[in-house]
Amino acid sequence: MPRQDLTRAAADRRKAIEAIGTTEGKLRRIKPRVLSDAQRASALGATVSLLRAPVTLTPAQPKKGKSALTLHSCMMSYPVQPAATGMALFSSLFQGAVFPGCQVEFMRIKKGRLHLVEFHVVLHSSVTYKFRIFTYPLAEFQDVAIPGGGSKILTALAPPVDEISGDLELGAAVQQRNSVEEAAGWTLHSVRVSTTS
């Protein structure tokens, strides 16, 4: 890549990082929170011994088997923390054709079981963040408001939709609903899907 293109790419990266309200140094030190196995089991109404091996997707590895992570109105994908996972940068300041957010699709792991979806995010502003969290295929949703600042976990429980037999694609999505004026920046680090045996 020519030197001027590298310089332009570095400047664009700096602008995107500033737009979400942080610095490159802070981005490199972020340690996103995840649920413990006990918390996952509790959310699924089961014991830890019944948890099944999860599906984990990241901005750096958005596909695994028949599961996929899709980013909407993402400012950029940033290849650190570590490079195997990366992170995606979003801000309400940059509204695209659709709300900033992400969606995960996965095959029903086990019929008759709820599927817990965890979105591991970091909220970089002090404003109250507004998200709409969907589950599919029923397109049910809930609106949540979360105080800004720090690592958070957005969760959704995808129902097994037992009335449909055979292979079934389930999913969940997070859409940011803050206004442009709030300039609420955030990063997505990973999405994890768990269920029970």
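- Across S91 and A19, no two heavy atoms sit closer than the pair OG-O, 3.8 Å.
- In this structure, the side chains of V117 and V191 come closer than 4.5 Å at one or more pairs of heavy atoms.
- In summary, K130 and E182 engage in a salt bridge, as defined by a charged side-chain N under 4.0 Å from a carboxylate O.
- Side-chain contact check for S151 and H120: no donor-acceptor pair (N or O, by modelled atom type) lies under 3.5 Å.
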key: Criterion side chain to side chain contact (heavy atoms under 4.5 Å, CB included) on R192 and R40, from CA distance to verdict   = CA-CA 11 Å; R192 179 179 167 131; R40 289 181 184 108; 3.1 Å; yes
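- The main-chain N or O of T128 is found under 3.5 Å from a side-chain atom of N178 such that the two form a donor-acceptor pair.
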message = Would H72 and T70 count as a side chain to side chain contact (heavy atoms under 4.5 Å, CB included) here? Give the steps.
response = CA-CA 7 Å; H72 302 283; T70 306; 3.7 Å; yes
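- Looking at S67 and V193, their side chains never come closer than 4.5 Å, going by heavy atoms from C-beta outward.
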key: Stepwise side chain to side chain contact (heavy atoms under 4.5 Å, CB included) test for L44 and L51   = CA-CA 9 Å; L44 290 165; L51 286 178; 3.9 Å; yes
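- Note on L188 and V34: separate hydrophobic clusters, where clusters join Ile, Leu, Val, Met, Phe, Trp and Tyr whose side-chain heavy atoms are under 4.5 Å apart, directly or indirectly.
- For the pair Y129 (side chain) and G149 (backbone), a donor-acceptor distance under 3.5 Å is absent.
- With hydrogens and angles disregarded, a donor-acceptor distance shorter than 3.5 Å links the side chain of Q176 to the backbone of A184.
- Put simply, the side chain of R108 gets close to the backbone of V161: a donor and an acceptor are under 3.5 Å apart.
- Under a hydrophobic clustering in which Ile, Leu, Val, Met, Phe, Trp and Tyr are joined whenever their side-chain heavy atoms come within less than 4.5 Å, directly or via other members, V174 and L138 fall into the same cluster.
- The two residues P100 and F90 have their closest heavy-atom pair at CB-CD2, 4.0 Å.
- Under the 4.5 Å side-chain heavy-atom criterion for Ile, Leu, Val, Met, Phe, Trp and Tyr, L93 and I17 are members of the same hydrophobic cluster.
- A continuous path of hydrophobic side-chain contacts links V121 to L71 [ILVMFWY only; heavy atoms under 4.5 Å].
- With rounding to the nearest 0.5 angstrom, the OG atom of S194 is 7.5 Å from the CG atom of D37.
- Relative ring orientation between F131 and W186 is described as perpendicular, the plane-to-plane angle rising above 60° on a 0-90° scale split at 30° and 60°.
- We find the CD1-CZ distance between I153 and F119 to be 12.5 Å, quoted to the nearest 0.5 Å.
- Separating the OG atom in S42 from the CG atom in L35 is a distance of 10.0 Å, to the nearest 0.5 Å.
- Here the straight-line distance linking atom CD1 of I109 with atom OG1 of T196 works out to 10.0 Å at 0.5 Å rounding.
- Taking the six-membered ring wherever Trp is involved, the centroid distance between the rings of H115 and F106 falls below 6.0 Å.
- Under a 3.5 Å cut-off, the side chain of R113 and the backbone N or O of S197 do form a donor-acceptor pair.
- Side-chain atoms of H189 and T187 form a donor-acceptor pair, as typed in the model, at a separation below 3.5 Å.
- In this structure, A172 and Y136 approach most closely via the heavy-atom pair N-CD1, 4.0 Å.
- Looking at heavy atoms from C-beta onward, V122 lies out of side-chain contact with K152 at the 4.5 angstrom threshold.
- Follow the hydrophobic side-chain contacts under 4.5 Å out from L170 and you reach L154 in the same cluster.
- Counting heavy atoms from C-beta on, the side chains of E24 and K26 never come closer than 4.5 Å.
- Here the side chain of S126 pairs no donor or acceptor atom with the backbone of G148 at under 3.5 angstrom.
- Using modelled atom types and a 3.5 Å distance limit, the side chains of T58 and Q61 yield no donor-acceptor pair.
- The CG atom of L57 lies 7.5 Å from the NZ atom of K64; values are rounded to the nearest 0.5 Å.
- Residues E140 and F134 are not in side-chain contact: their nearest non-hydrogen atoms beyond the backbone lie 4.5 Å or more apart.
- A donor-acceptor contact shorter than 3.5 Å links the side chain of S92 to the backbone of S179.
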task = Please step through side chain to side chain contact (heavy atoms under 4.5 Å, CB included) for the pair Q142 and R132, ending with a clear verdict.
result = CA-CA 6 Å; Q142 65 173 334; R132 180 164 286 174; over 6 Å; no
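- From L116, atom CG reaches atom CG of L157 across 5.5 Å, with rounding to the nearest 0.5 Å.
- Of the possible polar contacts, none joining the S77 side chain to the A88 backbone as a donor-acceptor pair under 3.5 Å is found.
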